[in-house]
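Each remark here refers to the structure printed beneath this line.
Computed from a prediction, not measured in an experiment: that's the story for all the values here. Numbered from 1 within each chain, the chains take letters A, B, ... in sequence-line order.
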2 protein chains.
Amino acid sequence: MPLISSCEVDTALELITGKWKPSILLALINGDTLRFSELKRSLPNISQKILTAQLRDLEEQDIIIRTVYPEVPPRVDYRLSEYGKTLIPVLETMNAWGIQHAERMRQK
Amino acid sequence: MPLISSCEVDTALELITGKWKPSILLALINGDTLRFSELKRSLPNISQKILTAQLRDLEEQDIIIRTVYPEVPPRVDYRLSEYGKTLIPVLETMNAWGIQHAERMRQK
DNA sequence: CTCTACAGTATCCTTGAGGTAACTATACCA
DNA sequence: TGGTATAGTTACCTCAAGGATACTGTAGAG
């Protein structure tokens with residue numbers, strides 16, 4: 001008996017969906033702490049505007065932590081919060097499922 | 001070391017995201033086999049056009065099975081495929097995370 | 001003096017997911 | 001003769017996410 005509520009699932013989905021959010025989260029999972037320019041480099045086609053917007057979204061939800069160093073040229077880095085790290089199992093579950101799905105599609 | 005690939009996660013996300021897909025999947029998880037009209041009733045604000053489109057999407061990915069009975073008035077029902085049922089753990093994981101998130105937001 | 005590095009803003013534009021409303025086919029019922 | 005039920009389809013519309021491009025501020029290097 002599953003007892004899954006669409007509302008809760010939607011909440012989780014809202015935070016991790018979008019064209020870029022999964023890639024950003026995965027970059028931070030694998031890269032620990034990354035500067036803005038490092039993130040941009042690992043997402044080849046994203047524009048600065050969009051990257052900033054997505055990072056601000058994630059920060060507002062306390063999923064990532066943004067640290068500004070008062071230097072010139074500016075330096076800002078991003079990392080997963082402890083809370084954000086609780087998303088890792090969710091992403092792992094989806095990743096595992098995605099691999100099965102790809103496997104399956106290859107056979108058709 | 002997580003080793004999560006954005007590509008695979010995106011694949012999984014594409015199949016279960018959208019404004020209505022989670023609700024449809026959950027209805028079928030909880031309701032086993034449902035007619036078109038039953039699904040429509042359990043998603044109060046969806047239009048026929050959108051519901052049809054979403055169901056066709058899910059059918060094309062082999063996640064649900066669509067059965068047409070050659071009767072008048074028409075009867076069609078939908079259920080999760082065995083393959084579609086492998087999504088249940090994914091949705092459960094997201095559901096559990098969503099509950100934690102809601103809990104957390106309530107305290108702020 | 002001006003060029004570069006970095007992390008952004010500001011403007012304007014495009015696209016596709018989703019939405020609304022009307023129409024379809026057919027058998028049965030009154 | 002017309003109304004009802006079911007599972008759609010068709011044509012048209014809307015809006016927000018995302019995208020392209022240019023501009024900003026400041027310190028040090030040359």
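- Using a 4.0 Å heavy-atom distance criterion, A/Tyr78 is classed as a sugar-phosphate-only contact.
- A salt bridge links A/Asp62 with B/Arg104; the closest basic N to acidic carboxylate O contact falls under 4.0 Å.
- Of the listed nucleotides (D/dG8, C/dG8, C/dG18), C/dG18 has the atom at the smallest distance from the side chain of B/Trp20.
- Of the candidates D/dG18, C/dA27, C/dT20, D/dG18 carries the atom nearest the A/Lys19 side chain, counting heavy atoms from C-beta on.
- Rounded to the nearest 0.5 angstrom, A/Leu43 CG and A/Gln54 CD are separated by 10.0 Å.
- Set against D/dG19, D/dA7, C/dT26, the side chain of B/Val72 has C/dT26 as its closest nucleotide.
- Close to D/dT9, at under 4.0 Å from its OP1 or OP2, lies a side-chain N or O of B/Arg56.
- Considering only side-chain atoms of B/Gln48, the nucleotide from C/dG8, D/dA7, C/dG18 that sits closest is D/dA7.
- Looking at the side chain of A/Arg35, the nearest of the listed nucleotides C/dC6, D/dG8, D/dT6 is C/dC6.
- Taking a cutoff of 4.0 Å between a charged side-chain nitrogen and a carboxylate oxygen, B/Arg106 and B/Glu103 qualify as a salt bridge.
- One can find a donor-acceptor pair under 3.5 Å joining the base of D/dG19 and the side-chain atoms of A/Lys49.
- For A/Arg41, no side-chain nitrogen or oxygen approaches OP1 or OP2 of C/dC6 to under 4.0 Å.
- Taking atom CG on A/Asp57 and atom P on D/dG18, their separation rounds to 8 Å, with Å as the unit.
- To the nearest angstrom, P of D/dT21 lies 13 Å from CG of A/Asn45.
- The residue B/Ser37 sits close only to the backbone: its heavy atoms come under 4.0 Å of sugar-phosphate atoms, none of a base.
- Atom-to-atom, CG of A/Leu43 to P of D/dG18 comes out at 13 Å; the value is rounded to the nearest Å.
- One interatomic measurement links the two molecules: CZ of A/Phe36 to P of C/dC6, which rounds to 12 Å at whole-angstrom precision.
- Between the P atom of C/dC6 and the CD atom of A/Glu38 lies a distance of 10 Å, rounded to the nearest Å.
- Summarising the geometry, the separation between CG on B/Leu51 and P on D/dA7 is reported as 10 Å, rounded to the nearest angstrom.
- Picking from C/dG8, D/dA5, D/dG8 the nucleotide with the shortest atom distance to the side chain of B/Pro73 gives D/dA5.
- In this entry the distance linking CD1 of A/Ile50 with P of D/dA16 reads 15 Å, nearest Å.
- Ring geometry for A/Phe36 against A/Tyr78 counts as tilted: the plane angle lies between 30° and 60°, on a 0 to 90° scale.
- If you measure from atom CD of B/Glu71 to atom P of C/dA27, you get 13 Å, rounded to the nearest angstrom.
- Contact check on B/Lys21 versus B/Asp57 returns a salt bridge, with a Lys/Arg side-chain nitrogen under 4.0 Å from an Asp/Glu carboxylate oxygen.
- For the OP1/OP2 pair of C/dA27 and a distance below 4.0 Å, the side-chain nitrogens and oxygens of B/Arg75 include no atom meeting the criterion.
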